Student: 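The structure is given below, and queries will be raised subsequently.
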Amino acid sequence: MPGDRPLRVVLAEDGALMRDGLVAVLTRFGHQVVEAVGDAPALTAAVEAHKPDIVVTDVRMPPTQTDDGLRAAIALRERDPDLPVLVISQYIETASAGELLDSTDARAVGYLLKDRVIDVTDFAAAVRQVADGGTVIDPEVIRHLLGRRRDPLQRLTPREREVLALMAQGHSNAAIAQALTVSAAAVGKHINNLLAKLDLPPDADVHRRVLAVLTYLRS
């Protein structure tokens, strides 16, 4: 029976204490952690090597300590849409969480805050549910996603919307400044503000600009 079999797990968590604790919990519930790693490249390599029944991964980990773990999980699911993935995080990475759910039709996927992982029985149940093709999303994550999906652009001022529209057309900061007859410094301030309001993950500016434009185009 799918719900009874022990699971082969690849675990990714950069905190040694947390990683050891999760290994102990998974082992206690009869599962085998085939590899426990501390960074996103190692996660990808471990999945390729072991073909696990489920991946359990933190969001923020090396090499950049932003959303590398979640990005690796999204990439792994793109390669193998049937790979179950349970993401755990100290924070709600709203944009990336939405992307994970959108890219997988929310099958065999989970996103839990680490506060929920403290209850080991609930955590073990979540691992099993995701491995069996179910979906487990932290209620706080759902609240944030629903808030964003009503209309994320409602948070922006009219000027910030103008700046974002010009960004979507591919204009540089200098070109935007010229079009709006404002200084380049003002444009930079507007861009920083709108990126923050859209809850985009801290990352390279070019990447964040792309995510902002995608948000604009989808709205």
Side-chain angles (χ1 to χ4, degrees), residues 12 14-15 39-41 43-44 57-79 85 87-106 109 111-114 137-219:
D14 65 322
D39 60 68
L43 166 60
T44 300
T57 181
D58 191 8
V59 170
R60 296 189 179 185
M61 62 176 59
T64 71
Q65 289 292 0
T66 55
D67 61 347
D68 298 73
L70 187 49
R71 287 286 155 197
I74 291 170
L76 288 167
R77 281 296 296 256
E78 288 176 350
R79 298 177 194 173
V85 173
V87 171
I88 56 175
S89 179
Q90 191 70 39
Y91 311 95
I92 301 175
E93 305 284 356
T94 315
S96 298
E99 185 177 348
L100 176 67
L101 296 175
D102 289 343
S103 66
T104 63
D105 296 327
V109 67
Y111 194 116
L112 294 179
L113 296 181
K114 286 185 178 178
I137 307 296
D138 195 286
E140 190 67 12
V141 175
I142 293 174
R143 187 178 71 80
H144 277 70
L145 288 173
L146 289 176
R148 278 179 54 86
R149 291 184 176 187
R150 279 195 293 270
D151 184 359
L153 299 187
Q154 286 184 352
R155 306 177 187 180
L156 305 186
T157 66
R159 176 62 86 186
E160 288 164 355
R161 286 172 181 252
E162 288 181 316
V163 170
L164 182 54
L166 291 168
M167 287 170 58
Q169 296 171 33
H171 293 300
S172 65
N173 286 18
I176 294 172
Q178 183 176 4
L180 299 179
T181 319
V182 297
S183 68
V187 171
K189 182 177 180 181
H190 288 312
I191 290 175
N192 287 336
N193 288 340
L194 71 88
L195 291 174
K197 289 179 180 179
L198 293 177
D199 293 332
L200 296 177
D203 203 341
D205 286 344
V206 173
H207 182 57
R208 298 180 79 198
R209 288 174 73 104
V210 171
L211 290 177
V213 169
L214 287 173
T215 300
Y216 173 76
L217 295 175
R218 291 168 178 166
S219 65

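Since we're looking at a predicted model, the values are computed, not measured.
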Student: Taking only residues two or more places apart in sequence or in another chain, which ones pass side-chain contact (heavy atoms from CB on, under 4.5 Å) with Ala75?
Tutor: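 Counting only residues at least two positions away or on another chain, Ala75 forms no side-chain contact (heavy atoms from CB on, under 4.5 Å).
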
Student: Work out which heavy atom in Gly69 is nearest to a heavy atom in Leu43; give both atom names and the distance.
Tutor: O-CD2, 4.2 Å

Student: Would you name the heavy atoms of Pro63 and Pro41 that are closest together and state the gap between them?
Tutor: CD-CD, 3.8 Å

Student: Who passes side-chain hydrogen bond (donor to acceptor under 3.5 Å, both in side chains) against Gln65, sequence neighbours left out?
Tutor: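 Applying side-chain hydrogen bond (donor to acceptor under 3.5 Å, both in side chains) to Gln65 gives Asp14.
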
Student: Just so I know, are the side chains of Asn193 and Thr157 near enough to count as touching, which here means a heavy-atom distance under 4.5 Å?
Tutor: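 No, every pair of side-chain atoms sits at 4.5 Å or beyond.
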
Student: Take His171 and Val187, measure what side-chain contact (heavy atoms from CB on, under 4.5 Å) needs, and give me the verdict at the end.
Tutor: CA-CA 12 Å; His171 293 300; Val187 171; over 6 Å; no

Student: State the CG-CE distance between Asn173 and Met167, to the nearest 0.5 angstrom.
Tutor: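 Here the interatomic distance stands at 8.0 Å.
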
Student: Tell me every residue that passes side-chain contact (heavy atoms from CB on, under 4.5 Å) with Thr181, counting only those two or more places apart in sequence or in another chain.
Tutor: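 Thr181 satisfies side-chain contact (heavy atoms from CB on, under 4.5 Å) with no other residue.
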
Student: Quick check: are there more than 12 heavy atoms from other residues, nucleotides or ligands sitting under 6.0 Å from CD of Gln90?
Tutor: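 Counting neighbours around CD of Gln90, more than 12 heavy atoms of other residues, nucleotides or ligands fall under 6.0 Å, so yes.
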
Student: Do Leu156 and Leu164 touch side chain to side chain, with heavy atoms closer than 4.5 Å?
Tutor: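 Yes, at least one pair of side-chain atoms sits under 4.5 Å.
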
Student: For Asp39, enumerate each residue passing the side-chain hydrogen bond (donor to acceptor under 3.5 Å, both in side chains) test, keeping only those at least two apart in sequence or located in another chain.
Tutor: none

Student: Glu162: what forms a side-chain contact (heavy atoms from CB on, under 4.5 Å) with it, not counting sequence neighbours?
Tutor: Arg159, Leu180

Student: Rounded to the nearest 0.5 Å, how far apart are OG1 of Thr57 and CG of Leu76?
Tutor: 9.0 Å

Student: With sequence neighbours left out, write down each residue that passes side-chain contact (heavy atoms from CB on, under 4.5 Å) with Ala179, or none if nothing qualifies.
Tutor: Leu166

Student: Kindly write out the residues that satisfy side-chain hydrogen bond (donor to acceptor under 3.5 Å, both in side chains) with Asp68, not counting sequence neighbours, or none if the list is empty.
Tutor: Thr64, Thr66

Student: Return the CZ to CG distance between Arg60 and Leu70, rounded to the nearest 0.5 Å.
Tutor: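 One finds 11.0 Å between CZ of Arg60 and CG of Leu70.
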
Student: Does any part of the side chain of Ile176, heavy atoms only, come nearer than 4.5 Å to the side chain of His190, both counted from C-beta?
Tutor: no

